[in-house]
Every structure is written in C-alpha cells, then in structure tokens.
Amino acid sequence: MLNTIKSTYPVPLPRTEVKVLVEEFARQEKQRLYPFELQNFRLGVRFQNAEPQAQRVIVMAMLAWLDQHSLKSYGHQDQNAWQMGWKMREAFLHMLQFKIPFQEQDVITMLNWSASQSSTSAYVYFSGVPQIIKVVGNYLKNNSISAELRKAAERLIESIEAESTNVEIRRWLLHLKELTGETEVSLPLAAGDLWADTALKEIYSLDSRTRAAWAELLLHCSRVKGSMPTSKWLNLAYQYIDTIGNLNFFIKLLHWFPLVDKQLMTNRRGYHPSLLPVNADILKGLVWLCSQADDPEIARALATLAVSSHRTKTTKVGNACFWALGNMSNFEGFAQLSLLRLDIKTNPARKNIARALESASKRLGVTANEIEEVPEMA
C-alpha cells in the first residue's frame, strides 16, 4: 500500500511499484467521471496523501503511461480506450496542480511530451500546456534555465505556434516565452495603421515587464465583444494597467488617439482610409478603459475620436467612445456627450449618445433641464 511505503521510506517510491499502481488505476478504476476529482479515485487519494517526492514519482509514472498510450494509437471508435485515456490525462493534469519538487529532467520530459502531442486531435486540450507552463514557472523560481530546458521550451513554443491559435493560447505563448527569457514578445496589433505602427514601436522600446503587460492588455482588448464591457473584463484589464502604470497608460492613449483621427480624417500616404479590423477591436477595448480616467483631456480626446469614427463609419470605435464618456466619473465626459449630441445627426449614433447621457445623468445626479444647458455652459 502506498501509505505504508510512504511512512517507511522518505524517498521516492520504487518505480516498479508505482508502475503497477498506475496500470491498476488505468484498468480497474471508473473510466469516466465528470467533473473529474482526484479524491474520487483510490490512486488519487493515495497521491494526495503521499509525500512530495512520492507524488513526483507517481506523476512521472503517469506521464510514462500517457507516452506509451498515445491518442494516435486509437480513435474515438474505441470508446473504452478513449475513456481510459481521458481519465489518465485528467488525473495527470490534476496532479500537476500540486507543489512537487520536480527535477530538471522531469520538466524537460513534460515539455517534450506536450510538444509531441501537436499531431493529435484536440491538441490544446490534451497537451496540458497551461499546467506544464506552471510547472516550468515553479521550477525556475529556484533554478536557472539550462540550455537543454530552454531548447525543450522552444520546441513546445514552435509546436503551439504551428497550430491555429486563439487569444488564450497566445497568452500561454507570451508566458512561456517570458519564462525562457525571450524579450521580444509578440503583440497582437497589425502593422498598417498609423496609430498601431506607432504603438508597436513605443511598446517594443519598453522594459520587458511593462512590454509583457502591454502585450497581455492588448490581447485582452482583442477579445472584446458586445456593445459594452462586462465587469469581469474590466477588472482583468485593470490588473494589466496596474503593471503598466495608470498615468503611463493614459499618456500613451493621448498620443495614439490623435493618430487615429489623422488617419481617418486625412488621406495619408501608405495608410488605409479605415482601420484594420484587428486594430479596431483593440482600439475599442482601449477606449472602454478610458471610462476610468478623470482627466478632462481624455474626455476631449474621446469626443474628437467619436466624431472622426462616426464620419468614417468606424462604428464600433465611435460607440465605444460614447459608452466611455457616459461612464466617466467627472463632469467633462457628460459635457462632451452633450456637445456630441449637437454635432452628430444620424439616428443610430444619437440613440447611443442619448443612452450614454442618461447613464451619466443618473450617476452624476444631473437633471434633464441641466442637460439642455450644458452646451451653453461648455
């Protein structure tokens, strides 16, 4: 029994016995139970009660089993084998959540195994990339990275980049590259817009920590959906801004927003008359974040951007400006909305302005009569 062995030897369990335990777990335990919990299985309970070094041996034995029973060796048509593989992977990935004193070769083996899964179906799910990245990070907290470990990490990076990647996977890549010491992080902005080209140059010139925070924030902005942000989306974005620095963040926006206006309102050589879609999505997210600014200059910059976006039918950016102005804590956002109501005449935009004004008036305690007086006050 594992617990008996654990109490007798303060060293890793004999590999042969662990291999037997893993094989028994694969054959005899329940094949599938969702949601998966280690404590629902006998081996899982034994693992949780084991000393860290014993846990390490069990994890590596699980990985050896997975390596010997690749998904490529059977398909969905073999349901028993598929469910067994699902159970074993779930157990392995759950075990990686524990703080285990892995050795360098353990970490290298995990990286190589994950990279080798790229030719299997459902690679992102089955490869354990986020869990293994966490293992790498924990190991490097107390150890320097060797050439062999860096090579294994780079191999995993290459395998991930060879697949179609979504935003979440790109975030994994950023983290893994940062762990390997790669300072040239990948930014999601596309070259070809005046403001984006400027932003790329400026962000790449920053220190690695701030550059990584900008990369995370821009990726976060590229995920924007709907006509207004959720509280969850905003709260996560604020964490990145804390790293960048609130003042530095808004200084950058005050530099970039006028460049958007120049591109949209003038025919600048070498640039598109409208924004590239990916850059427009990111800009929309950055504009939403201006709702937290209390600087009147930000409010005026948003109003100018709203006008140029409206006139060039860059609707998503213009509507984001209306929302941000309507949710600013100072009176300047309210005043700029009131001026925009007079300057912009199309019905869809006016309806969005009206909603933003209503939101601002409730928050600031401004009456309908006072709304009518704002243009003259401004």
Hey, would you say the [X] and [Y] ring centroids sit under 6.0 Å apart?
X	Y	result
Y240	F249	no
F98	F47	yes
H220	W233	yes
W256	W214	yes

Rounded to the nearest 0.5 Å, what's the gap from [atom1] on [X] to [atom2] on [Y]? Could you check?
X	Y	atom1	atom2	result
Q292	N246	CD	CG	9.0 Å
L337	I353	CG	CD1	7.0 Å
I282	L189	CD1	CG	4.5 Å
D67	M62	CG	CE	13.0 Å
M228	S359	CE	OG	8.0 Å
L217	I244	CG	CD1	5.0 Å

side-chain contact (heavy atoms from CB on, under 4.5 Å) between L149 and N143: does it pass, once the steps are laid out? CA-CA 11 Å; L149 179 54; N143 301 276; over 6 Å; no
In the structure I gave you, are the side-chain heavy atoms of [X] and [Y] within less than 4.5 Å of one another anywhere?
X	Y	answer
L289	Y238	yes
R56	Q103	yes
V20	E24	yes
V59	D106	no
I58	M95	yes
S227	N319	no
R89	Q117	yes
V260	L264	yes

Taking every non-hydrogen atom, the tightest pair across [X] and [Y]:
X	Y	result
A349	I344	CB-CG2, 3.6 Å
A213	T243	CB-CG2, 3.6 Å
C290	L253	SG-CD1, 3.6 Å
V45	Q39	CG2-O, 3.5 Å
D197	A191	OD1-CA, 3.2 Å
L219	S222	O-OG, 2.5 Å

Looking only at side chains, do [X] and [Y] share a donor and an acceptor under 3.5 Å apart?
X	Y	result
E104	S146	yes
H94	E37	no
Q336	R341	no
D207	T210	yes
N279	D193	yes
N352	R355	yes
D261	S308	yes

Common cluster, I251/F257, ILVMFWY with side-chain heavy-atom separation under 4.5 Å: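 I251 and F257: separate clusters.
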Are K19 and E23 close enough, and set up right, to give a salt bridge (Lys or Arg N to Asp or Glu O under 4.0 Å), and what steps lead you there? CA-CA 6 Å; K19 182 177 179 181; E23 291 289 350; 5.7 Å; no
Residue pairs, two or more places apart or on separate chains, that pass salt bridge (charged side-chain N to carboxylate O under 4.0 Å, His left out) and touch residues 306-324: D281-K316, R311-D343
Taking salt bridge (charged side-chain N to carboxylate O under 4.0 Å, His left out) as the cut-off, I'd like each qualifying pair that reaches into residues 322-338, sequence neighbours left out, listed once.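 Qualifying pairs, neighbours excluded: R300-E332.
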side-chain contact (heavy atoms from CB on, under 4.5 Å) for K151 and E148? Distances and angles first, verdict last. CA-CA 5 Å; K151 184 177 180 180; E148 187 180 1; 5.6 Å; no
Derivation of the side-chain contact (heavy atoms from CB on, under 4.5 Å) call for K87 and F36: CA-CA 8 Å; K87 179 190 64 179; F36 185 94; 4.1 Å; yes
Is there a donor-acceptor pair under 3.5 Å between the side chain of Q263 and the backbone N or O of L194?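 Yes, the answer is positive, given that a donor and an acceptor are paired below the 3.5 Å cut-off.
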With distance as the sole test, does S114 use its side chain to make a donor-acceptor pair with the main-chain N or O of L111 at under 3.5 Å?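 Not a single qualifying donor-acceptor pair exists.
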If you draw a 6.0 Å radius around NZ in K345, do more than 12 non-hydrogen atoms from other residues or ligands fall strictly inside?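 More than 12 within 6.0 Å, yes.
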Take the angle between the ring planes of F331 and F334 and call it parallel below 30°, perpendicular above 60°, tilted in between.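 Tilted.
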Knowing that exactly one of W65, F25, W113 qualifies, which makes a ring pair (Phe, Tyr, Trp, His ring centres under 6.0 Å) with F92? W113
Test side-chain contact (heavy atoms from CB on, under 4.5 Å) on M110 and L96 and set out the steps. CA-CA 11 Å; M110 291 184 201; L96 293 185; 4.0 Å; yes
